[in-house]
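The structure appears below as structure tokens.
The structure displayed is predicted, hence computed values, not measured ones. Naming: A, B, ... by sequence-line order, numbering from 1 per chain.
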Amino acid sequence: MKKYDYKKIEKKWQKIWEQEEPFKAEDRPSSRLRPAGQSKKEKFYCLIEFPYPSGAGLHVGHVRSQAALDVMARKARMEGKNVLYPIGWDAFGLPTENYAIKTGIHPIEATKQNVKIFKKQIKSLGISFDWSREINTTEPEYYKWTQWIFLQLYKHGLAYKKAMPINWCSSCKIGLANEEVVNGACERCGTKAERRHIKQWMLKITDEKYVDRLIEDLETVDYLPQIKTQQINWIGRSYGAEIKFEIQNSKLEIKVYTTRPDTIFGATYMVLAPEHELVETITTEAQRAAVHEYQEQARHKSDLERTELSKEKTGVFTGAYVINPATNKPIPIWIADYVLANYGTGAIMAVPAHDERDFEFAKKFELPIKEVIVKKFGEFKPEGDRRDAVAAVIKREDKVLVLYNKQFDVYRLPSGGYEKGETAEETIAREIVEETGYNDFQILDYLGMIESNNYIPEKKVQRQKFHKGFLVSLNSEAKTKTEFEEHEDYEERWYTEKEAIEKLASYGGGEEEFVKRTFNPQTKCFDGSIGTVVNSEFLDGLNVEEAIQAMNKWLEDKGIGKATKSYKLRDWIFSRQHYWGEPIPIVFCAKCGEVPVPEDQLPVKLPMVKKYEPTDTGESPLASIDSWVKVECPKCGGPARRETDTMPNWAGSSWYFMRYLDPKNDQEFASQEKLKYWLPVDLYNGGMEHTTLHLLYSRFWNKFLYDIGVVPVSEPYQKRVSHGMILAPDGEKMSKSRGNVINPDEVVAEYGADVLRTYEMFIGPYDQAVAWDTNGIKGVKRFLDKVWYFGEEVTRNKEVGAGNKELGTRNKELGTGELGKIGSELQKTIIKVTKDIDLMHFNTAVSTLMTFMNEVGESGCNKEMFRTFLVLLAPFAPHIAEEINERLGFDKRIWETSWPKVDAAKILVEKIVLPVMINGKVREKIEIEPDLDEAEIKKIVLKSDKVQKYLDGKEPKKIIFVKGKMLSIVV
RNA sequence: GGGCGAGUGGCGGAACUGGUAGACGCGCUGGACUUAAAAUCCAGUGACCUUAUACGUCGUGCGGGUUCGAUUCCCGCCUUGCCCACCA
């Protein structure tokens, strides 16, 4: 018997695929391929994120997603779809530029080499890409259109230049991208990153025309739910109001953004971000030095430090005041770095009574705290030492367990008598107030169950009915049940409920601690409808919801504010001071200002340079090439200079999926006809880490192109899925420095591409992170060896199943034919594999194929059936499947074969083993004919000795029969 | 602190809509073949009880609930992963 020589076989088929190009997508399916009278082929555009051709070569993670979509693509083709599965190179980027700086090899050259390596590696895997559509973002024919799209954005006012704070390394003299800042320091030299303001190109992704649609249109697409929520959270829309505050003794005003305009009467001071533009103007002479010092400190803090030091609030008084428009009273203006310059308006009205951060700040700087929201029942005034207070009350039937504890926490149960429209929480609160007059407490937690053995040491009554209850804290120290339980020294005592309530009622109070106690950092009184407005004139008595409405109306009527929205999403910084990126097609003319390069002069090609290091000024290396920078102004012909910034690598990847449709077109980025046929992408796979950047950016570009009428769909990707990471065998991320990288080339060399592909599909759930298992791959190798082995047998004997012990076929009598047991198993395998691939449950699809092979080992099978199996296997292991198919003597290639259809008639209806449950436990398994009806089955079951034994002469109370599943008897 | 997930044998993981938990693979144990090893093939493999079988008991992070029946549904808790994080 010939050994399975995967090296030879895989090379052979890869060559055939290269020559015959069976995976080429048809732009318009030819009528030749269409059976007469049938509609044209359905298109299926499946896409992986095109790789960045790094020097490190292909990663096993690349293989996972490429192989997965290859399975989808190959199956879809066999189902008669016109499949587009393209590949290209996202080749602009920093690593290549750094490599060029180090070695002097031109990025174009380095990219070429890397692409060559990647291509060879990918081809060795036998992925069914349509190589005729290969693209590369660094080729002028490609980036011409990236620049063209930029110009359209510019013309529509969505690209603008603005001074932005960037991370700056004073040693390398270069602006750092966020990804180049590691722990607040420059990735290369370790110097602490500083903030610097540099004029940058920005794309207006937050434009009102787009930002809401980026949220709302998610409803029209089929993305994994986590992807949708992550995008929504990233955009971070909130509804609030913008309110103008007039500066005392001045005509200037400061706008603040708040989500809680209803708390304006509680705004006792204002805080500006240190970078706020009005700080300089309003600061009084007396405060100027202190303010400057604070600003200077803030400037040198990296984002990281600013958040790290967040425990302790810092800030400085400016000496100025604004008038609170609601109270007409002056309130001081402070600056503090807990207010961010680039969110909202960079200024807040501080309401210390109801915002944790404001509260902290007010405490530290002794600013007034004015409460404007109270909880309906809360006005407790505690006094004295309450160390011996009741900690918990647990009700069981008519008894109440009272726990004593230092912390004054209480378990409280509703005693019934809900009032109309009341929540359970409100009922508890009302009851406590009514019954005890004890009204400073907070309900920490709703408890489904409050009684358990933990609280009943005697364990006298274990299986009681349990009550629902609430954890009520009479003191804010314990905020959760766990904290409560962890308190030492609580005593337990049993009381009647009445006694317990009396006990509670015996604690009095004073007024002093009022504000501190009513402020609840946990709920902040900010969660909607919890409180009632007080101390707020015309808002008094309203609940939060109503107060917001009323306040918004009042603001608008008075003309001092309006309801508005705010977003966490910021505009997209689109400039990079690097060489290896698309030049931004703008020139600066002394006379005409910013002038876009005329479209017919595109592409603006990257000039050849010798040095790639950034310049001392922080400009792109392009700035030092006079011959390239100096141009004539396209408008007036006068002297002008080119923009020397380049685009980030998100640019080329924002639209590449369209270029695949028409990669050679030099008139348009893609023809309308082709765009209309192929878009949207039906299935798009990519890493979760791209959810908030690449995926959002490209949706934005697509929407823009849709709006200007050059793209036919408003959402580019119909379905988005994500693969989990492949971790090293040690469970850590694979990295060069750890030395735990698995190289796909080595796996291919040792086991073959089919084994690698199938193993990666089998390794675990596709969307989950899994660790590479060097042993696990052996199992897949054994499986494919077995397939080969049986394939050889079938070739020789036409049928496996001669009772050959060596082959493992023993049960000849089971029948090797289509209508026998194995035929039935094959049908079940078709059903399961088809469904699993559709759901991208590749691991269970492979296990089903394995099970079938085991079954063939038991029962044997004939040639036709073996071929059907090969078709099911082919998406995973295409080379071996084609080879065996050819050896079996079939003329048709597997890729020319239709995906198998299920023939339900061939599924054997076997005897069913019916489990019989008695009192919830499986006690007997009875073999029955499948077509028996319920009454007959019951009769048979009750006759069984075992069942009789369990019945023990008693009559069954109840018999539940679930057809085809089980029979359950209750005695 | 916020958002989204996840917890099942020695390990990776299966399990439809609540219906025999542990498919498939790894590993391990025993056997066959071999001078031997590797490879391959056969058998076994959740824990406990038992000489063994049978009977039985326990078992899907923990504590409860609903149900004839819960990995699945409900309540609470714990642990853990990822992303975001002073967002007013």
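We find that CZ of A:Phe876 is positioned 13 Å from C1' of B:C24, with the value rounded to whole Å. Rounded to whole angstrom, the span from the CZ atom of A:Phe359 across to the C1' atom of B:C86 amounts to 16 Å. In this structure, the CG atom of A:Asp785 is 14 Å from the C1' atom of B:A38, given to the nearest Å. Taking atom CE of residue A:Met761 and atom P of nucleotide B:G25, one finds them 18 Å apart after rounding to whole Å. Distance CG (A:Asn775) to C1' (B:C24): 16 Å, rounded to an integer number of Å. For A:Leu849 and B:A23, the CG to P distance is 18 Å, given to the nearest whole Å. Here B:U40 presents its P atom at 17 Å from CH2 of A:Trp788, a figure rounded to the nearest Å. One can place CH2 of A:Trp772 at 15 Å from P of B:G13, the figure rounded to the nearest angstrom.
Each of A:Ile763 and A:Leu967 has a nearest nucleotide on RNA chain B; the 5'-most of these lies closest to A:Ile763. Of the two residues contacting RNA chain B, namely A:Lys786 and A:Asp773, the nearest-nucleotide position lying further toward the 5' end is that of A:Asp773.
Side chain of A:Tyr257, nearest nucleotide from B:G25, B:C84, B:A88: B:A88. When distances run from any side-chain atom of A:Ile348 to the nucleotides B:G12, B:A88, B:C86, the shortest one goes to B:A88. Set against B:A23, B:A88, B:C86, the side chain of A:Ser847 has B:A23 as its closest nucleotide.
A:Phe852 meets the ring-ring contact (aromatic ring centres under 6.0 Å, His included) test with A:Phe869; sequence neighbours excluded. Under the side chain to side chain contact (heavy atoms under 4.5 Å, CB included) criterion, A:Lys565 pairs with A:Asp212, A:Arg237, A:Tyr239, A:Tyr567, sequence neighbours left out. A:Trp772 meets the ring-ring contact (aromatic ring centres under 6.0 Å, His included) test with A:Tyr759; sequence neighbours excluded. A search for side chain to side chain donor-acceptor pair (under 3.5 Å) contacts involving A:Asn324 returns nothing, not counting sequence neighbours. By the ring-ring contact (aromatic ring centres under 6.0 Å, His included) test, A:Phe842 is found to be paired with A:Tyr766, residues two or more places apart in sequence or in another chain being considered. For A:Lys786, the side chain to side chain donor-acceptor pair (under 3.5 Å) test picks out A:Asn854, with sequence neighbours left out. Judged as a ring-ring contact (aromatic ring centres under 6.0 Å, His included), and not counting sequence neighbours, the contacts of A:Phe361 are A:Tyr269, A:Trp334, A:Tyr338, A:Phe365.
Distance check: A:Leu214 CG to A:Thr206 OG1 gives 10.5 Å after rounding to the nearest 0.5 Å. Residue A:Leu218 holds its CG atom at 6.5 Å from CD1 of A:Ile235, rounded to the nearest 0.5 Å. Distance check, rounded to the nearest 0.5 Å: CG of A:Leu693 to OH of A:Tyr697 gives 5.0 Å.
Distance check on atom P: B:G9 versus B:G59 gives 14 Å, rounded to whole Å. B:G69 sits 7 Å from B:G19 when the C1' atoms are compared, rounded to a whole Å. Taking atom P on both nucleotides, B:U34 is separated from B:U29 by 22 Å, rounded to a whole Å. Distance noted for atom C1' between B:C83 and B:U17: 32 Å (whole Å). Comparing the same atom, P, in B:C55 and in B:U45 gives a spacing of 15 Å after rounding to whole Å. Nucleotides B:A32 and B:U80, compared at atom P, are 49 Å apart to the nearest Å. If you take atom P in B:C48 and the same atom in B:A37, they sit 31 Å apart, rounded to whole Å. A gap of 38 Å separates the C1' atoms of B:A85 and B:A70, to the nearest Å.
You'll find a donor-acceptor pair under 3.5 Å spanning the side chain of A:Lys313 and the base of B:C86, going by distance alone.
OP1 or OP2 of B:U40 lies within a sub-4.0 Å distance of a side-chain N or O belonging to A:Arg782. Considering only side-chain N and O atoms, A:Tyr343 lies under 4.0 angstrom from the phosphate OP1 or OP2 of B:A88.
Contact check for A:Leu224 versus A:Arg720: no side-chain heavy atoms found under the 4.5 Å cut-off. Counting heavy atoms from C-beta on, the side chains of A:Met761 and A:His841 never come closer than 4.5 Å.
Glycosidic conformation of B:G7 is anti; the angle lies outside 90° of 0.
A side-chain donor-acceptor contact under 3.5 Å links A:Lys364 to the backbone of A:Lys313.
Counting any heavy atom pair closer than 4.0 Å across all strands shown, A:Arg570 reaches a base atom. Contact annotation for A:Asn854: backbone-only contact, meaning every heavy-atom pair under 4.0 Å involves sugar-phosphate atoms and none involves a base.
Applying the side chain to side chain donor-acceptor pair (under 3.5 Å) definition to pairs two or more places apart or across chains, those involving residues 223-236 of chain A are A:Gln231-A:Arg699.
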Applying the Watson-Crick and G-U criteria (both distances under 3.5 angstrom) with [ ] for crossing and | for other-strand pairs, one obtains for RNA chain B (((((((..(((......[....)))((((((.......))))))(((.......)))..(((((..]....))))))))))))....

Show me the protein contacts with nucleotides 2-9 of chain B, counting only N or O atoms at under 3.5 Å.
from: B:G3; atom 1: O2'; to: A:Asn233; atom 2: ND2; distance (Å): 2.8

Would you list the protein and nucleotides 68-73 of chain B atom pairs, both N or O, that sit under 3.5 Å from each other?
from: B:C68; atom 1: OP1; to: A:Lys958; atom 2: NZ; distance (Å): 3.1
from: B:C68; atom 1: O2; to: A:Ser968; atom 2: OG; distance (Å): 2.6

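Contacts with RNA chain B (heavy atom under 4.0 Å) in residues 834-844 of chain A: A:Asn843, A:Thr844, listed by number.
Within a 6.0 Å sphere centred on NZ of A:Lys733, other residues, nucleotides and ligands contribute 12 heavy atoms or fewer.
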Passes salt bridge (Lys or Arg N to Asp or Glu O under 4.0 Å), A:Glu825 versus A:Lys828? Steps please. CA-CA 5 Å; A:Glu825 289 304 317; A:Lys828 289 184 195 162; 3.7 Å; yes

